[in-house]
Amino acid sequence: MATNGAQEAFSPSDVLGAVMTMRNGEQEDKKKAHEYLESFQKSKAAWGTVIGILQSEAEPEAILFAAITLRGKITYDLSTQVPASELGALRSQLLLLLKHYATGPKPIRVQLCVCLAILAIQMKDWNDVLPSVVQSLSDSPESHACVLDFLRVLPEEVTEGRKITLSEEDLAARTQALLGDNASQVVQLLINYAHSSPAAARNPQLIECITSWLREVPVANIVNSPLLDVVFNGMTSDECSQEASECLCTMLRETGDIDESKDVIQVLFPRVVALKSRIDQVVEEEDTEALKAITKVLATAAECWVVGIAREPAQFKPLVDAVLLCAARDKDRDVIEFTFVFWYELKQYLVLERYIQARVQMVDTYSQLVDILLKHLQYPQPESGNEADLFDGDREQEEKFREFRHQMGDTLKDSCEVMGVTECLGKVLNAIQLWTREYASQVKDTHVPHWQELEAPLFAMRALGRMVDKDESIVLPQLMPLLVQIPSHEKLRFATIMVLGRYTEWTSVHPEYLQPQFNYIVNSFQADSKEIVRAAALSMKFFCTDCKHLLSEQVIQLQTFYDQVLDKLPDTSKEEITEGVANVVAVQPVEETYRLLKLYCDPLVQRLMAKANEATTEEGKLAVADHLQLITIFIQIVVPYVSNGQENPAVKYWQEVFPILSTVLDNFLDFTPICERVCRCWRNMVMSYRTAMAPLLPVMANKLAVGFQASREGCFLWVTSAILREFSEDREHVDQSTTDDIYTFFEAQTTTFLRVMTELQPKELPDVIDDFFRLLIDALLYYPQKLVPSSLLVPIVEASIYALTLEQRDPLSSTLHFLRDLLSYGGRNPASSDSLPEPVAEQIRTIVKTVILQQGESLVKQVLAGMMITFPRDCFADGSGLLLSLFELLPSETTNWVSSTIQLLPQGSVSPVEAEKLMTRIREKLQSEDAGGMRAVRTLLQDFTNTYRRRNVAPRDGLGQLEATRFQFSG
């Protein structure tokens, strides 16, 4: 941000040169130009410079940049940089510029209209805005475009008025003066213009104006005026069909309360339904844009009147049929997506008991919709005839189709809820049987005729999986035998595997169908296709998870299979199949746990050692890290229930493995992914086996302490945090000496961290800061009586203030959460759910207040600086919440700290009037008896810091556009 002393450095020629550099310069020059222009846009000197550029014959791009900059100046800097006595002159200058650019270029004209609208909002004594703008532009035909632009942007800018530094009361008053008091006048202006010529009635600008003012004008005023004909006629015009469609959709959204809008709906309904007659015509003409426009209107009307459809389905049936026709005629899948929301909204009503009659009447509609969806779900027939590339090399189109299919899958589920599972699945069965009758005899090896017609119902069946109850006994018993006989075609086999994986819960209660399906999945691992193998691994996970008890007898054979295929799989598939087999192991008798863990995990550990011995490259080291995740999966899932005092067989096994994991860690302390994966193993051991891990604690704690000191990796703090939680004083079966030892270990880790913080800048260890303050949150929750009185508290608070200089969300969030929790111990509602003895609680309250009295001013400065300048947006709520906690704890002191911080802001960034107004209102709210006084203080600070950031820190508009591309100028 430029200071006042630097303002004279911005000469017009330098600014124009920087603008041209942004368009054509080298990358380094562009960066310097960007920084220069960013400072220029916020400077006081920019006012005169941009107006001078707008009056010049500069390049269009430079003039547009000047107009955008002027918009930013009026939005953010008017109150701090322009005296009230000069506002009238600025208005006159803007009106002259607007008249000069009335005929274009349009981008510049629109920006100037926005400038004038924003100025009008802030000039509280300017009450004849519309007459003065129209008069200054004169009534010549060439000025009409400018008047229409101004009329369009005015409501939009008033709606966005929160960007401007106005109180809620002032903004409400200006809204009424600019919009409410002018609504009828604007409607008449638009009618007069529409009647001025046939071309005017088809002008997209006119319809955009109507759309804009629909936010302010009662929709009945438009519907009962000649403007309704203008909009509906626009639907059939090539010049403005898109604008007319958007306008109608806006109108329709204003009629969502069908009881209040009954009269308006009676006018609109027949005219909207009449659009159905154009559908076949525009489809025949292959006019996709026209079909989109019609579909959007019909679907929006159906969404807005969905309650009426549910109440009176017969009356609204023509509208529903029209929406269905759009979906049916959508050959290229361009418009059906606009109908999805309606089908969902209607389903939400039809499944209610009170609308059961409507549901009965709509079942046939949803049945037809399913037929349409099954057709649209089919893969395309490639124009090239090359079935290996169904989209002829168009990867974007392929990705769009995949996403689109999943959207259609959601609509299939909606249909299923209305029709019933049996009827919907019956359509899938019929489609598969139909294909089998017509084409099964023509299958030769991997050549499958019309396979798309078979794959689509398979995809549909997969999409419906979650809708089908375990006890479905009509359709699935007919379908399941057919699935395992699907021809061996890559797309078909993939689809079948995915279907079988989706129905494993059903199979778990119909065991007679398990073996053929399970064999189909196992055999699929031999396929050459990577897609099929990945699908098989995913389905194997579901089979082993949902049918784990049924597969218990095969647990030994399953290990042999697992060991054979594991090394052939990609990493994600390795994790999926490992999760599956671990679930089968987990349900075996406890007395078998140790033996089965050895059977399954000893080969994994051997692989780990082999990989670690060979890991000299980064790729090799990453392979070690990935393999460690497979061991962690067994730790997460194989958790036998053992009574207290008995040896846990899983812990017994992991005690044997622990030295190997420790050795791997020692050998790769300089490689973060391996450190993180070993720590994840250990953390999950603590979380899975809890106090049964006591025998391993001493050696684990030693490894964590040494590892953190040597590597400064935050992952060692993850495990410390887990230990702290699981062995806290409130846990059963944990003796006091163990708890004391663990807290001593925590203090050692904290001391190490604080020493690191004195040696490095926070930006050098953001992840470690995040992990450390997450650890502190747990320590404060479980050990407040030890942590707060500790000599470590003051350096911890100092470190937290230092950490608030960061600009990354996660470490900031955890730091702010810790500070908010700490402040809670200064009051009567501490973060801990367990109540402390009152003498201890009082001691803690006193210590927290004493520490905050010492550190509070620094803390407030850093939090306010963060909210105004450096914090990511996600941290604003926590920042303002922390300030609110400070106000609640120490209201008078915090008020003084905020005031002194604001006095330190750069001169010109905040006016003395703004600063005084803020502090006055804060004091008023603090003295208020109203329960919402404190919340109001938080809102005041949020609004103030948001305004400061927008005005002085956030980049202004225009620079990105300059760098990205050359502007296109038109009329």
Side-chain angles (χ1 to χ4, degrees), residues 106-107 110 113-114 117 145 147-160 179 183 186-187 189-191 193-194 199-256 261 264-265 267-269 271-276 278-279 282 287-306 319 322-323 326 330 334-342 345 970-971:
K106 183 179 179 179
V110 169
C113 286
V114 173
V147 173
L148 289 171
D149 277 338
F150 181 74
L151 288 176
R152 176 178 61 81
V153 303
L154 183 61
E156 295 170 0
E157 295 308 316
V158 173
T159 303
E160 291 291 314
L179 304 183
V186 169
V187 171
L189 271 173
L190 297 179
I191 291 171
Y193 175 74
R202 298 190 302 273
N203 186 348
Q205 280 185 285
L206 168 65
I207 296 177
E208 287 174 340
C209 267
I210 300 170
T211 304
S212 187
W213 278 85
L214 273 165
R215 299 188 185 99
E216 313 303 328
V217 178
V219 68
N221 291 15
I222 303 295
V223 168
N224 296 320
S225 79
L227 293 177
L228 187 64
D229 286 336
V230 171
V231 178
F232 270 101
N233 291 340
M235 286 291 296
T236 63
S237 168
D238 292 339
E239 296 140 279
C240 59
S241 63
Q242 301 307 309
E243 291 80 5
S245 173
E246 184 58 40
C247 186
L248 276 174
C249 289
T250 304
M251 261 188 232
L252 292 163
R253 291 186 195 107
E254 295 293 322
T255 65
S261 306
V264 173
I265 293 172
V267 175
L268 288 176
F269 181 79
R271 302 199 65 167
V272 169
V273 171
L275 294 173
K276 178 183 177 184
R278 282 184 42 79
I279 294 173
V282 298
D287 190 342
T288 303
E289 293 306 311
L291 184 60
K292 279 183 184 178
I294 293 169
T295 306
K296 283 180 181 178
V297 172
L298 291 168
T300 303
E303 284 173 43
C304 296
W305 302 336
V306 67
L319 176 60
V323 176
C326 288
D330 183 21
D334 290 314
V335 306
I336 190 174
E337 63 185 297
F338 301 128
T339 73
F340 290 157
V341 172
F342 164 63
E345 295 286 353
S970 59

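We number each residue from 1, following the sequence as shown. Small disclaimer: the values here were computed from a predicted structure and weren't measured.
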Show the numbers, then the answer: is there a side-chain contact (heavy atoms from CB on, under 4.5 Å) between L206 and E243?
CA-CA 9 Å; L206 168 65; E243 291 80 5; over 6 Å; no
Criterion side-chain contact (heavy atoms from CB on, under 4.5 Å) on C326 and I279, from CA distance to verdict
CA-CA 7 Å; C326 288; I279 294 173; 3.5 Å; yes
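Not counting sequence neighbours, the partners of A200 by the side-chain contact (heavy atoms from CB on, under 4.5 Å) test are Y193, S196, S197. Listed by chain and residue number, I191, V217, I222, L227 satisfy the side-chain contact (heavy atoms from CB on, under 4.5 Å) test with V187 (two or more places apart in sequence, or in another chain). For the side chain to side chain donor-acceptor pair (under 3.5 Å) test, residues two or more places apart in sequence or in another chain that qualify with T255 are W305. By the side-chain contact (heavy atoms from CB on, under 4.5 Å) test, P218 pairs with N221, sequence neighbours left out. For D149, the side chain to side chain donor-acceptor pair (under 3.5 Å) test picks out R109, Q205, with sequence neighbours left out. For T250, the side-chain contact (heavy atoms from CB on, under 4.5 Å) partners two or more places apart in sequence, or in a different chain, are T211, L214, E246, R253. Scanning for ring pair (Phe, Tyr, Trp, His ring centres under 6.0 Å) contacts around F232 gives an empty result, with sequence neighbours left out.
Residues M235 and S241 are not in side-chain contact: their nearest non-hydrogen atoms beyond the backbone lie 4.5 Å or more apart. Considering only heavy atoms from C-beta on, W213 comes within 4.5 Å of L179 through its side chain.
The two residues A117 and V153 come nearest to each other via the heavy atoms CB-CG2, 4.3 Å. Shown here for I336 and D330, the closest heavy-atom pair between the two residues is N-OD2, 2.9 Å. Of all non-hydrogen atoms in V272 and A301, the two that sit nearest each other are CG1-CB, 3.9 Å. Of all heavy-atom pairs spanning I207 and G234, the tightest one is CD1-CA, 4.5 Å.
Among pairs with a residue in residues 224-242, those fulfilling salt bridge (charged side-chain N to carboxylate O under 4.0 Å, His left out) read R202-E239, D229-R271, at least two apart in sequence or across chains. Screening residues 209-221 for salt bridge (charged side-chain N to carboxylate O under 4.0 Å, His left out) gives no qualifying pairs among residues at least two apart or on separate chains.
Residue I210 holds its CD1 atom at 11.0 Å from CG of L151, rounded to the nearest 0.5 Å. The distance from the CZ atom of F338 to the SG atom of C249 is 9.5 Å, given to the nearest 0.5 Å. Separation of atoms CD (E156) and SG (C113) is listed at 11.0 Å; rounding is to 0.5 Å. Separating the CG atom in L154 from the OG1 atom in T159 is a distance of 9.0 Å, to the nearest 0.5 Å. The line from CD of E157 to OG of S212 is 9.5 Å long, rounded to the nearest 0.5 Å. Note that CG of L148 is 4.5 Å distant from SG of C209, once rounded to the nearest 0.5 Å.
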Contacts table for residues 288-299: side-chain donor-acceptor under 3.5 angstrom, sequence neighbours left out:
unit_1	atom_1	unit_2	atom_2	d
T295	OG1	L291	O	2.7

